[in-house]
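Report on the structure given below.
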Amino acid sequence: MERIVKDKEADELLNDLLEIYGYDFTEYSRASIKRRINRLLVLDKFPGFAAFRYKVRSDETYLKRVVEELTVNVTEMFRDPSFYRLLREEILPVLATHPFIRIWHAGVSTGEEVYSMAILLHEANLLHKSLLYGTDINPAVLEKAQKGFFPLAQMKLYSENYILSGGACDFSSYYTARYGQAKINEFLKEKMIFSTHNLVSDRSFNEFQMILCRNVLIYFDKELQDKVFKLFDNSLELFGFLALGLKETMKFSPIAKKFKLLKANDKIWRKIA
Amino acid sequence: MDIKRKLVVIGGSAGSLEVIMHILPSLDAKLNIPVIIVIHRKNAYESLLARLLSSKTSLIVKEAEEKENILPGHIYLAPADYHLLIEKNFTFSLDYSEKINFSRPSIDVTFECAAEAYESNLVCILLSGANADGVEGLKTVKKYNGIAAIQDPTSAEVSFMPQQALQQVPIDHIFKEAEIADFINNL
Ligand SMILES: C[S@@+](CC[C@H](N)C(=O)[O-])C[C@H]1O[C@@H](n2cnc3c(N)ncnc32)[C@H](O)[C@@H]1O
């Protein structure tokens, strides 16, 4: 990527987004958000930073694209199969003892993660008594998640992931192929609710037995991470589970004492106090 | 700050692992600079690679973790399937964004962030490889007056990557495999 956005310019843009639109990216990891800004500037062929800033400030419809492109939305079904195996073998049996299961996927992106969960719950015969909340800052990804169409070309990888996660059914029975897309079966969607929710500024909205927030916190600085951990603590019942991405940890957060890591490599904590 | 912080970043693809395995045993046990290694590989290697590399040196070899401080005398490995970014406060960030040059981790990403954080106190070395990841990064290194170095394409197992760098970037040093460790020890 050619042009390099300067620190001062990144600050100006982040301030604009906060002051004009109320989107607060100021506590995101700086190196990463700067790369995203730079990438957008190059992608949309702005002659310079000033023109880009002017567009952001003056064109509210462009904001949608800015939010979409500053955040990273890459995701997969059954990403990190060993994680899903642990869910299957050790977490779901515990959740099964509840009369009703509420799970929150924070930063769910286009939904691959919540559909994977629905498949696990279905196979454990728990889906009928579950409710899955998928939230994200970005309305565009939630629209996609709601539709439940995924690129057909990805299904080979997802099917491999599914098998590695301990899946024993025919993965292709969960979707129908049409026009290069895989349409996930409707019954998996029935227990899902999608809504925008900004982890930076929105509050707790329910109490859950499990929260998944995977590969979102890597984009936040330490202070923001700690705030979000507090939000999760407030949104989780006692003995509930919190799952993070494989490279994320709550070890250094102020609420760490209240949680117990279940297995070193799979990043699932249980709230014990 | 009295002494300027220095940093070495080594990037490589096909044919570079062997080179790194040769560099590590020759690094000074009292090396006072951090070294970051970004190599392309299959995800399956993951944890094996850090262990394999640490068997070659008494220096601490570990996978870079997000928000971790970058410390002298440590050798950090970019984790498989994440881009490794460097913050201006000399800590790591990880990023799972789009692949760049079909690669994640991308060498360009780490070289570019390193250049912005360490400016002229940076040495980036590009080794053997079959694609051009790292070449753009070396351009940024030069823009910030850092040192850009490559493995001699004529002795690299796969010459394309260092060859591209040589054609597009004003390279400061062209090393034979055996010269790299010495150069780092004397920084
Ligand atoms: C890399 S995706 C992770 C998707 C999925 N959880 C996974 O692990 O595959 C990160 C998601 O976090 C969302 N995100 C970023 N900042 C957020 C915020 N402040 N509040 C809620 N979601 C946010 C992004 O829009 C993006 O969809």
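Numbers restart at 1 for each chain; the letters A, B, ... are given by sequence-line order, proteins then strands.
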Where the side chain of A/Arg88 meets the backbone of A/Leu120, is there a donor-acceptor pair that is under 3.5 Å apart?
no

Determine, for B/Arg104 against B/Asp95, whether the closest basic-nitrogen to carboxylate-oxygen distance falls under 4.0 angstrom.
no

Would the distance check show the side chain of B/Asp152 and the main-chain N or O of B/Thr154 forming a donor-acceptor pair, the cut-off being under 3.5 Å?
yes

Segment of B/Lys88 engaging chain A (4.5 angstrom heavy-atom cut-off)
side chain

Of the listed B/Cys113, B/Gly137, B/Ser97, B/Ala117, the one with the largest count of heavy-atom pairs under 4.5 Å with chain A is B/Ser97

B/Ile125 and side chain to side chain contact (heavy atoms under 4.5 Å, CB included): which single residue from B/Ile37, B/Val8, B/Ile147 fits?
B/Val8

Checking B/Arg5 against B/Tyr118: charged group under 6.0 Å from the ring centre and within 45 degrees of the axis?
no

Donor-acceptor check, side chain of B/Ser106 to backbone of B/Val109, threshold 3.5 angstrom: yes or no?
yes

Return a table of donor-acceptor pairs under 3.5 angstrom between the side chains of residues 14-24 of chain B and protein atoms on other chains or two or more places apart.
from: B/Ser16; atom 1: OG; to: B/Ser13; atom 2: N; distance (Å): 3.3
from: B/Ser16; atom 1: OG; to: B/Ser13; atom 2: O; distance (Å): 2.7
from: B/His22; atom 1: ND1; to: B/Glu18; atom 2: O; distance (Å): 3.2
from: B/His22; atom 1: ND1; to: B/Glu177; atom 2: OE2; distance (Å): 2.6

Need one label for B/Glu98: side chain, backbone, both or neither, based on atoms under 4.5 Å from any heavy atom in chain A.
both

Can you name the residues of residues 214-229 of chain A that have some heavy atom under 4.5 Å away from a heavy atom in chain B?
A/Asn215, A/Leu217, A/Ile218, A/Tyr219, A/Phe220, A/Asp221, A/Lys222, A/Gln225

Show, in sequence, the C-alpha distance, side-chain angles and deciding distance for A/Val200 and A/Tyr28, and conclude whether the side chain to side chain contact (heavy atoms under 4.5 Å, CB included) test is met.
CA-CA 10 Å; A/Val200 180; A/Tyr28 279 48; 4.0 Å; yes

Quick check on the structure: residues of residues 69-83 of chain A within a heavy-atom distance below 4.5 Å of chain B, by number.
A/Val72, A/Val74, A/Glu76, A/Arg79

By ring pair (Phe, Tyr, Trp, His ring centres under 6.0 Å) - contacts of B/Phe183 (at least two apart)
B/His173, B/Phe175

Check the orientation of A/Tyr23 and A/Phe25. Use parallel for under 30°, tilted for 30 to 60°, and perpendicular for over 60°.
parallel

